Undergrad: 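Dropping a structure here in structure tokens format, bear with me for questions.
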Amino acid sequence: MKCLFDTHCHLYDERYDEFKDELIKEIEASDIKYLVDIGTDIYTCKKVVEDTKKYSFCYGTVGYYPGDTGKLTDEILSEVFDMYKGNEKIVAIGEIGLDTHDPENYPELDVQKKWLRAQLSMARELNAPICIHSRDADNETFQILKEEVLGKTPVLLHCFSGSKELAAEYVKLGAMISLGGPVTFKNARHSQEVAASVPLEKLLIETDAPYLTPVPFRGEINKPNYVEYTARKIAELRNISYEELANATLENACRFYRIKNEK
Ligand code: NI
């Protein structure tokens, strides 16, 4: 049954180059109905646009990942946003956000904040849905989103890793919460509490493939079709069937990304 929507993956990743045809067949044979290929800089955004032309199940986003904002300029950013305008298969701006996990290798937080605000205000002007990446920056991200976009334009928190209380705050302000492979990990108490407590109509699922591989494939390269394992785990945590969870998150994702769910 075609009932799964992977709301966040990186299908263009070069780790797939060696077996891309095989991977596409695997996705087509799986329960995946749609997926969203997420851009992180001008190079990957161009690859996203290519993928969306090649594969009917593939939609995409364009934006600048916080780790890549170091050399960003206004010119490059407007070129990236031009890929969103007028392209029906580019459905959101992202992934954009803040990340303080690896300060040695990431631009300074002030630089990240400047480009996050710039992209949020451009997305708001376009009334574009926004995919947010936030790692080890819960409070800073929440503050900026509250000031700039929450309640004004659709926002998705990708691979949400905060507490269930923070998830509830976001939901109150209209945001969607997306969960990935970590919810299947044994020690993922936070993610599992979020999975069980977020209202079903606010919940999304994703892989972030090739990263964050769910159990039972942890340690291997992640693939979009593995979103099924995340769906099964969340269904179990919520005490509902896999089909109910899959169909609800599919509907939610289509609503968020404004994609017509073809019957
Ligand atoms: Ni990602």
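Note that the structure is predicted; figures quoted are calculated from it, not measured. Just so you know, ligand 1 is whichever comes first in the structure, and atom 1 is the first atom listed for that ligand.
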Undergrad: Around the Ni ion (ligand 1), what protein N, O or S atoms are found below 2.8 Å?
TA: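 Protein N, O or S atoms closer than 2.8 Å to the Ni ion (ligand 1): H8 NE2, H10 NE2, E95 OE2, D208 OD1.
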Undergrad: Parallel, tilted or perpendicular: which describes the rings of Y226 and F217, with under 30° parallel and over 60° perpendicular?
TA: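 Geometry flag for F217 against Y226: parallel rings.
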Undergrad: Would you please name every residue forming a salt bridge (charged side-chain N to carboxylate O under 4.0 Å, His left out) with R255, sequence neighbours left out?
TA: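 So R255 forms no salt bridge (charged side-chain N to carboxylate O under 4.0 Å, His left out) with any residue.
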Undergrad: Can a donor-acceptor pair be found between the side chains of Y43 and Y12 at a distance below 3.5 Å?
TA: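 Distance-only check fails for Y43 and Y12.
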Undergrad: Would you call the rings of Y55 and F57 parallel, tilted or perpendicular, taking 30° and 60° as the class edges?
TA: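 Parallel.
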Undergrad: How would you list all residue pairs meeting salt bridge (Lys or Arg N to Asp or Glu O under 4.0 Å) that involve residues 159-172, not counting sequence neighbours?
TA: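 As it turns out, the salt bridge (Lys or Arg N to Asp or Glu O under 4.0 Å) pairs with a partner in residues 159-172, which skip direct neighbours, are E169-K172.
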Undergrad: Test of understanding: with salt bridge (charged side-chain N to carboxylate O under 4.0 Å, His left out), list the residues that count as partners of R189, not counting sequence neighbours.
TA: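 For R189 the salt bridge (charged side-chain N to carboxylate O under 4.0 Å, His left out) partners, ignoring immediate neighbours, are E193.
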